[in-house]
Amino acid sequence: MVSVVWARLEKKVRVARAVVRLRTLMRTHGSLLIPLAMILGLCAGVVVVIMSYISQLAHVAIYGIPIDVRLSAHSAVNPFVALVAPTVGGLVLGCMEWSRRRWKLSNATDPIEANALRGGNMSMRDSLVVSGQTLISNGCGASVGLEAGYTQIGSGMASIVGRILNLRRSDVRLMVGCGAAAAIAAAFNAPLTGAFYACELVVGVYAISSAAPIFVAALAGSMVAERLGGAPYSLGLPDVGIETLQQSFALIVLGLLAGGLGIAVMRIAAKVEQAFNRTWIPVWSRPALGGICVGAMAIYTPQVLGAGHGAMLLDLHHDMAATAIVILIVLKLAACTISLGSGFRGGLFFASLFVGSMFGKLYAIVVALPFLGLKLGLDPTTVALTGMATLGVAIVGGPLTMAFLVLEMTRSLDVAAAVLAACITTSAFVRETFGHSFSTWRLHLRGETISSARDIGWLRNLTVASMMRTDVRAVSDTMTISECRQNFRLGSSQAIFAVDGKGKYRGVVSLPEIFSSDLDSAADTTRVLELARHGSTVLLQSMDVKIAMGCFERAEADILPVVDVASSDAIVGFLTEAYARRRYMQELDRSIAGVARAL
């Protein structure tokens with residue numbers, strides 16, 4: 001018995017030593033991140049295929065469609081099933097959300113938020129829950145895609161591996177990007193799209209050395225998905241082209257229109273979510289109500305169900321009347337915003353591509369109207385692809401991501417170049433007029449201020465509470481200058497703080513000013529409060545260094561008190577502008593050094 005226990009103990013010790021050696025190698029040899037990224041990409045690709053199969057099987061079982069037919073491409077669905085399935089799925093999600101709130105569990109962190117604020121740290125439990133909820137949402141027919149679940153589980157696995165191996169903060173963020181890149185590449189059979197999705201939206205920067213792990217992960221994910229049955233969202237397209245500069249200019253105009261539509265969609269989605277979040281609507285019932293609305297629209301056309309991949313393949317190659325296109329766009333956007341606003345889990349990535357392609361088809365019909373006199377000869381498929389890419393940029397973000405998606409779909413450099421110009425125009429327009437993608441907009445509505453995945457977590461961690469000094473020199477506001485001179489020595493402190501009888505802050509007084517010879521004659525009669533300044537400007541412990549420096553700048557102060565609002569503005573410490581700026585520069589240099597290592 002003792003020998004068995006000893007053998008197990010020795011085995012654990014050997015495993016622990018091996019992990020330590022592997023951690024050391026990973027931290028000292030950055031090239032080892034490439035095989036690690038490949039392994040993560042293979043795993044993410046397998047997970048993407050499994051999730052897509054589960055979702056398709058759910059559609060087959062619930063809606064009775066053939067296994068080789070997409071739900072949104074089916075000609076019609078049973079009205080009773082169309083109403084019941086999303087409602088029941090919504091009820092399940094509503095009960096899960098009610099339980100989360102009752103148990104006071106935090107919201108799951110997505111890859112963008114994790115890389116921007118938490119150094120890439122993600123919870124595997126939360127990632128599994130989000131992926132499961134995404135499967136339930138898409139499987140029951142809600143108008144959402146599986147992309148959010150793909151990237152969540154891929155990034156979550158990468159984050160856990162990065163923390164187990166004790167990687168640097170910048171390397172953990174890179175691994176999270178690799179997981180997301182592999183997931184998107186596997187979903188679309190588009191490794192370049194996946195790689196640039198990670199760089200633009202998840203990592204937040206382009207770097208030479210980080211490109212290798214990201215591209216390897218994307219290639220691995222795409223290869224696995226292709227070997228295991230094909231990418232869930234692959235699109236087969238005929239040859240397309242573009243011939244004149246006038247056509248390119250028309251596509252840029254389409255990019256501006258798509259930018260306006262994307263902004264409208266994001267604002268409407270926020271309003272719909274606010275409507276469902278009314279206090280009189282029980283939390284558990286909100287997704288069910290949304291499911292009833294989506295099911296009612298599905299009775300008219302099943303193309304509103306799911307992500308819309310089948311509908312896009314069906315509609316892209318067929319002529320459609322302008323009226324039918326407008327109705328489809330309105331219904332699909334309504335179904336998407338209601339699904340997400342009511343509490344279903346999923347993404348707008350492919351939905352934005354589908355709606356964008358329909359918007360492009362509508363644009364091609366409008367510019368070809370005889371009374372406009374525009375003889376541009378636009379290829380309808382090219383215009384549809386441009387609408388797809390530009391609306392994707394407006395809602396999801398990433399102009400290079402969408403341009404490379406079109407390139408990998410068409411294999412046409414001419415079309416990709418024109419689409420890239422339109423995507424850049426859309427990106428600039430949305431950034432200047434709105435400033436958010438859908439992911440960062442939803443975080444903004446929750447109170448976050450991030451506008452991309454750039455790492456600002458170090459800035460949030462550098463708070464006033466972590467920088468302040470607690471050896472406060474406080475005096476009563478009724479004390480005279482003479483009494484103050486007796487209690488303090490010149491040079492013993494930079495400043496003292498005047499407080500009233502209840503300990504509430506009244507102002508800061510420079511100690512050298514108290515010992516000024518100009519005040520000698522009136523020292524016995526002049527109160528300290530008469531010399532106090534900045535009585536209305538204070539710092540809070542929760543402020544980060546950037547906000548604190550803004551307070552110093554507006555008040556033109558060298559030193560400010562830190563107060564505790566919960567204790568009637570009692571002073572708990574103080575901070576000098578010089579020290580705050582020095583700490584800010586130190587952390588900024590450290591952050592730049594981390595990026596430089598990646599470069």
Side-chain angles (χ1 to χ4, degrees), residues 188 190 192-193 195-197 199-201 206 235-265 312-313 315-320 322 325-326 329 349-350 352-434 437:
F188 290 90
L192 288 176
T193 301
F196 279 94
Y197 175 90
C199 290
E200 288 187 305
L201 301 175
Y206 297 99
L235 296 171
L237 294 174
D239 293 335
V240 292
I242 189 167
E243 299 177 357
T244 65
L245 290 177
Q246 289 85 350
Q247 292 176 343
S248 298
F249 179 76
L251 297 183
I252 290 176
V253 174
L254 173 59
L256 292 173
L257 296 175
L261 177 61
I263 294 172
V265 170
M312 183 173 176
L313 286 176
D315 297 339
L316 199 58
H317 308 302
H318 290 82
D319 293 332
M320 299 176 64
I325 295 175
V326 171
I329 289 175
F349 192 115
F350 201 92
S352 66
L353 301 184
F354 172 42
V355 174
S357 66
M358 294 299 98
F359 187 68
K361 288 177 71 75
L362 179 63
Y363 179 78
I365 293 173
V366 171
V367 297
L369 291 174
F371 70 88
L372 292 179
L374 300 175
K375 298 180 179 180
L376 299 176
L378 290 173
D379 176 53
T381 304
T382 300
V383 182
L385 291 176
T386 306
M388 175 195 79
T390 51
L391 188 61
V393 170
I395 295 177
V396 179
L400 290 176
T401 300
M402 297 303 171
F404 276 106
L405 177 59
V406 172
L407 176 62
E408 291 179 299
M409 288 167 57
T410 63
R411 302 293 192 269
S412 171
L413 287 175
D414 292 338
V415 172
V419 170
L420 177 59
C423 287
I424 292 174
T425 302
T426 303
S427 179
F429 175 74
V430 174
R431 185 174 60 250
E432 289 296 324
T433 58
F434 191 66
S437 65

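Atom set for the values below is all heavy atoms of this structure, side chains included, hydrogens, waters and symmetry mates excluded.
Distance check: F350 CZ to S357 OG gives 8.0 Å after rounding to the nearest 0.5 Å. In this structure, E200 CD and T401 OG1 are separated by 4.0 Å, a value rounded to the nearest 0.5 Å. Taken from CG in L400 to CG in L420, the straight-line distance is 6.0 Å, to the nearest 0.5 Å. Separating the CD1 atom in I252 from the CG atom in L257 is a distance of 12.5 Å, to the nearest 0.5 Å.
Annotation: side chain of S437 is not in contact with side chain of V396 (no heavy-atom distance under 4.5 Å). For the pair V383 and L254, the minimum side-chain heavy-atom distance is below 4.5 Å.
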key: Candidate pair I395 and L391, rule side-chain contact (heavy atoms from CB on, under 4.5 Å), full reasoning   = CA-CA 6 Å; I395 295 177; L391 188 61; 4.0 Å; yes
ask   = Would L413 and L407 count as a side-chain contact (heavy atoms from CB on, under 4.5 Å) if you check the C-alpha gap in whole Å, the side-chain angles of each, and the deciding distance to 0.1 Å?
value = CA-CA 7 Å; L413 287 175; L407 176 62; 3.8 Å; yes
task = Begin from the C-alpha positions of M312 and M388 and carry the test side-chain contact (heavy atoms from CB on, under 4.5 Å) through to its verdict.
result = CA-CA 10 Å; M312 183 173 176; M388 175 195 79; 3.1 Å; yes
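A418 approaches S248 most closely through the heavy-atom pair CB-OG, 4.1 Å. Among all heavy-atom pairs drawn from L201 and G397, the shortest one is CD2-C, 3.8 Å. When all heavy atoms of G255 and T426 are compared, the pair lying nearest together is O-OG1, 2.8 Å. Listed here is the closest heavy atom pair of A421 and T425: O-OG1, 2.9 Å. Here the shortest heavy-atom pairing between C423 and A389 reads SG-CB, 3.7 Å.
The closest donor-acceptor contact from the side chain of K361 to the backbone of T381 lies at 3.5 Å or more, if one exists at all. When atom types are taken as modelled, the side chain of T410 and the backbone of V406 share a donor-acceptor pair closer than 3.5 angstrom. Remark: side-chain polar atoms of T193 are paired, donor with acceptor, to backbone N or O of L405 under 3.5 angstrom. Of the possible polar contacts, one joining the Y363 side chain to the A250 backbone as a donor-acceptor pair under 3.5 Å is found.
Checked against the 6.0 Å centroid threshold, F359 and F354 do not count as a close aromatic pair.
The residue from V419, T386, T390, L353 that alone fulfils the side chain to side chain contact (heavy atoms under 4.5 Å, CB included) condition with M402 is L353.
A tilted orientation is assigned to the rings of F349 and F188, their planes being inclined by 30° to 60°.
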